[in-house]
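In what follows, a structure is listed as structure tokens, so that the remarks can point back to it.
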Amino acid sequence: MSRALTTRFAPSPTGRLHLGNARTALFAFLLARAAGGRFVLRVEDTDSERSSEAFLEAQLADLRWLGLDWDAGPGREDAAGPYRQSQRGAIYAEHYDRLEREGHAYPCYCSQETLAVARRTQLARGEPPRYPGTCRELGALGRAAHEAAGRRPVLRFRVPPGQSLEFDDLVRGPQRFATDDIGDFVLRRADGVPVFFFCNALDDALMGVTHVLRGEDHLANTPRQRLLLEALGLEAPAYGHLPLLVGADGAPLSKRRGAASLGELRERGYLPGAIANYLLRLGHAGAPDGWVEPAALAGHFALDRVGRAPAHFDESQLLHWQREAVKHLDEAACADWLGPALPPDPGAGARATLVRLLRHNVLFPLEAAPWAAVLFGDLPAPSGDAEAQLHEAGPGFFAAARAALELAGPDLPALAREIRARTGRRGADLYRPLRAALTGRCDGPELGPLLAALPLDTIRSRLEAAEVATGRA
RNA sequence: GCUCCCAUCGUCUAGAGGCCCAGGACACAGCCCUCUCAAGGCUGCGACGAGGGUUCGAAUCCCUCUGGGAGCGCCA
């Protein structure tokens, strides 16, 4: 029976997720969904020093927000769990024993200083730095001596010499490595903590992962991990290495260089669909030109359309997808999105009115906030161009507008007709000063609905204020 | 230092020897529409990193250079 295609995302909770992580996660998720397979989330928290519960919670929240639901992982345990590496110590111990028993791994007592010196000399000689093999053939006696001296060994994998390793990378094609280019690598630190190479590969195999998508920086790890799994008699997944995401300066995105985290983008009001639509097209061809609904994303993802060159993150592109995302928001979702940025309770139904008015006029919730004041509070001081608009029209215009309002009411077509009859103004000459007086600015939603949403008294007093401000005789 | 990878408009990309004096999207500029902003429509700007080959013909194949990236850890 063939296993369902299974992918995974395996973050370390040592910080917030950034866009590069998000893209890797998204692609893995889409690959699974496109094939009707499974998506697993595994937490690589073996480094208790740097991992934190708070980061873990934040990462899980960010992934859920992006729409990446895992079939197995934290909160969705199954027989292959636990899905936190910090809870898998017994499993690792068992495999360490086996590796050592069968001669695939050996204890190494070399000090870090010794190794650093060796590395330096190798580098100076123009050789690649590699473990010199000092402890490789250490007998029982030698070990006993080190132990007696109180040294704690690391466990090293014995890389078989003289072999050529070949495999197909899911995105980069055929790869070939020589085992002679790979030094014996560490599987377990002296303090007993398992290292990435080991638990990452082992867990993938144990959790039934069939396709691993990860950053290009892991490409050279792949032969080691395949070697390791082979020694354990486990089936290795297929690996695909995604090109890195780089910033405008061409340097890889990293949190410490100010790359925005997913969480920050979210706090700034970006919509998950905007992020996903952008990411789908970053270093990946074949997506249609227009907006793709989140649920349809998987249908547009194909591994063979993933590029091999580093992709630049460009916020103006993200902004475009944000615009699309807002456009495709329904009213309820829009209210949820805008809600937190609006004042507590501008009054019954007021919030819904605001949302309806602003739906197509703002890109971020922050831009909506000032409108709450415009509609239901005191008018902020007019902008410069609004003020110019006011003076261009003059007090007579606003006096006429006030009189017209008493006759026609707040219905824009009727009101405009009445004002036109009294002032001779029409079109832009009529609407723009009206807008300026009513909102204190020159941009914003359509005037008709705006007028209908404003209390009649507010309209009156703002027209009067404009008349006074422009110098009523 | 050594090994490996990558290279088309500002950005994401199409392009797998003639369909390409290179197509699309975003951005930018202009025009139209319009009470404004946005949206929408139209037009424009804009690239095969350089040099050598191979070929009747190269963005596509080969070589060199340049530029960028990755890896070589008791980091993940």
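So you know, we letter chains A, B, ... as the sequences are listed, proteins then strands, and number each from 1.
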At under 4.0 Å between heavy atoms, what does A:Arg119 touch on the DNA or RNA strands: base, sugar-phosphate, or nothing?
sugar-phosphate
Picking from B:A7, B:G40, B:C72, the nucleotide nearest the side-chain atoms of A:Pro129 would be B:C72
(message) Can you confirm if the NZ or CZ of A:Arg42 lies within 45° of the ring axis of A:Trp70 and under 6.0 Å from the centre of its six-membered ring?
(response) no
Would you measure the distance from the C1' atom in B:A16 across to the matching atom in B:A25 and give it in whole Å? 22 Å
A:Gln85 CD to B:C75 P, in whole Å, measures 15 Å
Are A:Thr114 and A:Ser111 linked by a side-chain donor-acceptor pair shorter than 3.5 Å?
yes
Ranking B:A14, B:U36, B:G69 by distance to the side chain of A:Glu216, first place goes to B:G69
Atom CG of A:Leu438 and atom P of B:U36 are separated, to the nearest Å, by 16 Å
Any strand, both distances under 3.5 Å, Watson-Crick or G-U wobble: B:C72 pairs with B:G1
When rounded to whole Å, the CD to C1' distance for the pair A:Gln59 and B:A76 reads 12 Å
Among B:A76, B:C74, B:C12, the one nearest any side-chain atom of A:Arg281 is B:C12
The reported gap from CE in A:Met207 to CG in A:Leu202 (rounded to nearest 0.5 angstrom) is 8.5 Å
inquiry  = Under 4.0 Å, counting only non-hydrogen atoms across every strand here, what does A:Leu447 touch: a base, just sugar-phosphate, or nothing?
reply    = base
* Asked: How far, in whole Å, is B:G23 from B:G15 if one measures between their P atoms?
  -> 15 Å
Between A:Leu66 and A:Ala22 the two heavy atoms that sit nearest each other are CD1-CB, 4.1 Å
C1' atoms of B:G24 and B:G46, separation to the nearest Å:
14 Å
Q. Under 4.0 Å: is that the gap between some side-chain N or O of A:Arg156 and OP1 or OP2 of B:C74?
A. yes
If pairing means Watson-Crick or G-U wobble with both distances under 3.5 Å, then the partner of B:G18 is B:C56
Inset, instruction - Rounded to whole angstrom, note down the C1' distance from B:U60 over to B:C19. - result: 14 Å
Check your understanding: Taking only side-chain nitrogens and oxygens of A:Arg224, does any of them come within less than 4.0 Å of OP1 or OP2 of B:A76?
Key -> no
Could you verify whether a donor N or O on one side chain and an acceptor N or O on the other, from A:Asp203 and A:Tyr92, lie under 3.5 Å apart?
-> yes
Rounded to whole Å, the NE2-C1' distance (A:His360 to B:G40) equals 13 Å
A:Leu245 atom CG is separated from B:C12 atom C1', nearest whole Å, by 11 Å
Has A:His284 got a side-chain N or O lying under 4.0 Å from the OP1 or OP2 atom of B:C12? no
Regarding A:Arg188, tell me which of base, sugar-phosphate or nothing describes its non-hydrogen contacts under 4.0 Å with the strands shown.
nothing
A:Arg8 atom CZ is separated from B:A76 atom C1', nearest whole Å, by 11 Å
Looking only at B:C6, B:A76, B:G40, the nucleotide nearest the A:Arg172 side chain is B:C6
note: A:Asp191, atom CG; B:C74, atom P; distance rounded to Å ~ 12 Å
- Message: I'd like to know if A:Arg435 reaches the base of B:C35 with its side chain such that a donor and an acceptor end up less than 3.5 angstrom apart.
- Response: yes
Report task. Answer with base, sugar-phosphate or nothing: what part of the nucleic acid does A:Asp181 contact at a heavy-atom distance below 4.0 Å? Result -> nothing
Checklist entry - Does NZ or CZ of A:Arg425 lie under 6.0 Å from the centre of the six-membered ring of A:Phe397, at an angle within 45° of the ring axis? => result yes
Of A:Asn361 and A:Val246, the one whose closest nucleotide on RNA chain B sits nearer the 5' end is A:Asn361
Task: Plane angle bin for A:Phe157 and A:His104 - parallel if under 30°, tilted between 30 and 60°, otherwise perpendicular - done: parallel
Rounded to whole Å, the CG-P distance (A:Asp45 to B:C75) equals 16 Å
- Give one of base, sugar-phosphate or nothing for A:Val154, where a contact means two heavy atoms less than 4.0 Å apart. base
Q.
If I pick the P atom on B:U36 and the same atom on B:C31, what distance separates them, to the nearest angstrom?
A. 14 Å
inquiry  = Considering every strand and a 4.0 Å limit on heavy-atom distances, what is the contact class for A:Leu123: base, sugar-phosphate, or nothing?
reply    = base
### Task
Using only side-chain N and O atoms of A:Arg130, determine if any of them is under 4.0 Å from OP1 or OP2 of B:G71.
no
Q) Counting any heavy atom closer than 4.0 Å, what does A:Cys110 reach on the DNA or RNA strands: base, sugar-phosphate only, or nothing? A) base
Of A:Cys442 and A:Arg125, the one whose nearest nucleotide on RNA chain B sits closer to the 5' end is A:Arg125
| When the P atoms of B:C61 and B:C5 are considered, how many whole Å apart are they? | 15 Å
- request: Classify the nucleic acid contact of A:Ala309 as base, sugar-phosphate or nothing, counting any heavy atom under 4.0 Å across all strands shown.
  value: sugar-phosphate
Suppose you measure atom P in B:G49 against the same atom in B:C9; what distance do you get, rounded to whole Å?
7 Å
Notebook entry, point to check: In whole Å, what separates the P atom of B:A47 from that of B:A22?
Noted result: 9 Å
A:Ala428 has its side chain closest, among B:G15, B:C35, B:A76, to B:C35
Looking only at B:G40, B:A76, B:G15, the nucleotide nearest the A:Asn221 side chain is B:A76
Side-chain contact check for A:Arg308: nearest option of B:C6, B:A70, B:A76 is B:C6
pair_partner(B:C28), Watson-Crick or wobble, both distances < 3.5 Å, evaluates to B:G44
message: Can you tell me if A:Arg323 touches the phosphate of B:C26, counting only side-chain N or O atoms and a distance under 4.0 Å to OP1 or OP2?
response: no
With the side chain defined as heavy atoms from C-beta on, A:Glu324 is closest, among B:A25, B:C75, B:G40, to B:G40
Closest to the side chain of A:Glu446, out of B:C35, B:G15, B:G1, is B:C35
Ranking B:A76, B:C5, B:A70 by distance to the side chain of A:Asp217, first place goes to B:A70
CD of A:Gln85 to CD of A:Glu44, rounded to nearest 0.5 Å, is 4.0 Å
All heavy atoms of A:Gly263 vs all of A:Arg16, minimum pair found to be CA-NH2, 3.0 Å
